Amino acid sequence: MPERIFVAVAWPYTNGPRHLGHVAGFGVPSDVFARYHRLKGNDVLMVSGTDEHGTPNLIQADAEGLTPKEAVDKYNRIISEDLRALGLSYDCFTRTTTRNHTTVVQDVFKTLFDKGYLIKKTALGAFQESTGRTLPDRYIEGTCPICGFPSARGDQCDNCGNQLDPEQLINPRSRIDGTRPIFKESEHFYLDLPAFAEPLTRWISRQSHWRPNVRNFSLNYIANLKPRAITRDIDWGVPIPLPGWEDRPDKRMYVWFDAVIGYFSAAVEWAKMIDRPEAWRDFWQDPACRHFYFMGKDNIVFHTTIWPAILLGYGNGGKIAGGRGEPLQLPYNVVSSEFLTMEGRKFSTSRGVAVYVNDFLSRYDADALRFYLMLAGPETQDTDFTWADFVRRNNDELVATWGNLAHRTLVNAFRRFGEVPRPGPLTAEDTILVETVDHGFTSVGEHLEAARFRAALQEALHLAALVNQYLTTNEPWKLIATDRERAGTVLYVALRCVDDLKLMFTPFVPFSSQKLHEYLGHDGVIAAAPERRTVREEDASTHEVLTGDYRRLAGTWAPPKLEPGQKLREPQPLFKKLDPSIVLEELRRMEEHGGK
RNA sequence: UGCGGGGUGGAGCAGCGGUAGCUCGUUGGGCUCAUAACCCAAAGGUCAAAGGUUCGAAUCCUUUCCCCGCAACCA
């Protein structure tokens with residue numbers, strides 16, 4: 001029976017193009033997961049979008065001499081094009097500046113307010129005089145009152161390590177424009193997190209399938225919950241839907257609050273987009289629908305405590321859910337990644353230690369990157385991206401093991417038979433190989449189910465190696481002269497296995513799997529590509545989303561039928577071998593951009 | 001500084017009380033349908049450091065060092 005699977009992917013921030021570290025952590029893993037579930041025949045909804053409000057976006061806009069809207073438009077376009085080119089199959093990759101998102105966020109806010117989960121409090125905040133905007137602690141610097149370090153930040157001194165409050169700094173100044181910040185009292189709404197401590201504790205305690213560290217960490221965090229501000233003094237964000245607040249240009253929702261609600265609003269948008277405006281309920285109000293969240297490790301508690309608290313508070317209330325159906329679903333699991341470093345250093349945009357996705361894809365294939373990230377990426381611990389390792393894994397593992405298997409099998413079969421050969425009687429060895437590879441749907445599938453992507457890919461590669469071994473031992477290219485039927489049988493068995501493996505590799509390397517599908521003489525799509533589409537909203541505004549039709553696939557997560565006599569198409573190598581000289585080239589390129 | 005995670009051959013990982021194992025890479029040999037797979041052999045680790053428990057420790061305990069995240073109005 002098909003299951004419903006909701007795949008929620010972290011929202012990239014629009015203050016610049018995204019680099020490999022960003023897509024390594026959540027982009028590619030979530031897509032592999034979604035593609036696997038679709039092949040299994042499950043009903044998948046995968047959503048995300050760009051996170052476009054907040055101070056860093058404003059600062060970026062100022063730096064480029066753009067209005068905030070112009071700047072986020074620009075980066076939304078770049079980022080969504082990157083994700084499309086990577087083949088990330090979102091059902092709805094949208095943005096936080098849409099009409100729909102505003103409506104949903106305001107509904108959640110209003111509902112929490114009506115239910116008494118919001119607290120009004122006054123706190124001392126720092127402001128930039130020129131703009132009247134809040135100045136986050138880390139954007140203030142000054143002389144450390146403890147050690148005298150002249151460039152201590154408002155939250156802590158990098159020299160002596162002491163934590164600070166920004167008003168303690170001597171000669172505080174804004175890191176944005178150098179002016180002296182003003183400290184004044186300001187009134188804000190806080191989410192009453194302690195009110196949810198008990199239900200959250202009960203809920204998390206039951207999540208025995210979470211990784212122990214995620215669970216323990218979250219329980220530990222809940223023990224010290226404090227109310228958390230959800231509004232700010234800023235003019236770029238979702239307006240606060242309360243009398244006396246909604247018309248104030250200087251008060252907006254805090255960006256983290258509006259962004260996290262995107263998981264819900266994007267599903268609502270998707271439902272409208274497919275002209276079934278209630279369809280989001282299938283995913284958000286069906287207790288059997290499992291929600292998987294993909295993010296970097298720095299975001300875990302957000303998704304295990306703060307976001308669930310908002311969902312618990314909202315329940316099935318508000319205008320959107322409208323008192324109908326079940327309360328909104330809580331996360332089933334959070335799949336967090338560790339961090340990727342770049343040639344031994346942290347990614348740093350300002351220091352030029354970064355490889356941007358669009359830049360990377362202008363020279364290398366998406367599948368090569370996807371393969372590398374899933375095999376050597378930061379799944380369970382921080383890992384280092386090096387160009388040398390990228391080249392090696394591409395050439396020695398992707399090209400040599402899987403690409404070569406597919407190619408040698410196809411080339412031999414195509415040249416000698418032109419079609420899938422009709423097999424004679426299968427030997428015990430033939431049968432065992434086919435059964436072993438068929439079993440991959442179980443073994444690889446179990447790993448994917450549990451989000452153990454590296455293990456899943458290794459298992460598929462291992463099976464490919466077995467088929468390589470089989471071919472070498474049975475030598476159909478020699479048999480062809482003496483025993484054409486046996487040669488055909490061996491090639492049939494190998495093609496059968498390649499057809500199996502094609503499906504197992506599809507979630508990882510969709511572009512080449514689709515090509516292979518066609519070389520094998522099949523029709524239809526097994527790896528649907530996302531596309532950008534324009535959405536028009538009620539207020540006539542438009543924006544672009546990344547979406548696609550992924551529901552009618554010409555393949556399922558099970559041994560396919562490969563009919564003898566099916567015409568093969570002329571094969572081409574699936575992957576490109578990389579010249580080792582690119583390692584130096586890329587390192588030089590990085591240095592030119594300031595990386596040292 | 002607190003809390004949590006991690007430090008095992010060149011890389012990625014497994015082992016979690018009985019004197020280190022897997023995959024890839026490296027070196028030498030064989031074979032060759034193929035974007036060279038496959039086969040055979042070999043090199044390479046004082047398991048971050050020190051102390052302790054034990055007949056015996058990557059494996060348990062203590063301390064230290066290093067990396068990372070959270071605490072910190074960063075999203």
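Note on naming: letters A, B, ... go to the chains in the order of the sequence lines (proteins, then strands), and numbering restarts at 1 for each one. The shown structure was predicted, so the numbers you read here are calculated from the model rather than taken from an experiment.
- With both ends at atom P, the span from rC70(B) to rU62(B) equals 27 Å, rounded to whole Å.
- Taking atom P in both rG69(B) and rG29(B), one finds a spacing of 47 Å when rounded to whole Å.
- Every side chain to side chain contact (heavy atoms under 4.5 Å, CB included) that D384(A) has, sequence neighbours left out, goes to T341(A), T386(A).
- When each of N57(A), N76(A), D51(A), T97(A) is paired with T14(A), the side chain to side chain donor-acceptor pair (under 3.5 Å) condition holds for N57(A) and for no other.
- With sequence neighbours left out, the side chain to side chain contact (heavy atoms under 4.5 Å, CB included) criterion links A8(A) to F6(A), Y263(A), Y293(A).
- In textbook terms, a nucleotide whose glycosidic angle is within 90° of 0 is syn, and rA58(B) is one such case.
- The gap from the P atom of rG12(B) to that of rC73(B) amounts to 32 Å, rounded to the nearest Å.
- Look at the C1' atom in both rA20(B) and rG15(B): the space between them is 8 Å, to the nearest Å.
- When the P atom is compared between rC16(B) and rU26(B), the two are found 31 Å apart, to the nearest whole Å.
- With rA75(B), rA72(B), rC70(B) as the candidates, the nucleotide lying closest to the side chain of Y221(A) is rC70(B).
- Among the heavy atoms of the strands lying under 4.0 Å from Y254(A) are primed sugar atoms or P, OP1, OP2 only; no base atom is included.
- Residue D365(A) forms a salt bridge (charged side-chain N to carboxylate O under 4.0 Å, His left out) with just one option from K576(A), R370(A), K515(A), and that option is K576(A).
- Here the separation of rA58(B) from rA48(B), taken at their P atoms, is 10 Å to the nearest Å.
- A side-chain donor from one of T231(A) and H188(A) sits under 3.5 Å from a side-chain acceptor of the other.
- As rounded to the nearest Å, rA41(B) and rU46(B) have P atoms that lie 25 Å from one another.
- With 3.5 Å as the limit, one finds no donor-acceptor pair spanning the side chains of Q60(A) and Y13(A).
- Here the side chain of D51(A) is nearest to one of rA75(B), rG12(B), rC38(B), namely rA75(B).
- Distance check on atom P: rU8(B) versus rG45(B) gives 15 Å, rounded to whole Å.
- Base pairing annotation: rA41(B) forms a Watson-Crick or G-U wobble pair with rU27(B), both donor-acceptor distances under 3.5 Å.
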Provide a list of protein-nucleic acid N or O atom pairs under 3.5 angstrom, restricted to nucleotides 2-11 of chain B.
from, atom 1, to, atom 2, distance (Å)
rC3(B), O2', N220(A), ND2, 2.5

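- Regarding contacts with the backbone of rC13(B), every side-chain N or O of Q458(A) stays at 4.0 angstrom or more from both OP1 and OP2.
- Contact check, K226(A) against rA72(B): a side-chain N or O comes under 4.0 Å of OP1 or OP2.
- Base pairing analysis places rU1(B) opposite rA71(B); the two distances defining the Watson-Crick or G-U wobble pair are each below 3.5 Å.
- In the model, E429(A) has no side-chain atom that pairs as donor or acceptor with a side-chain atom of T427(A) under 3.5 Å.
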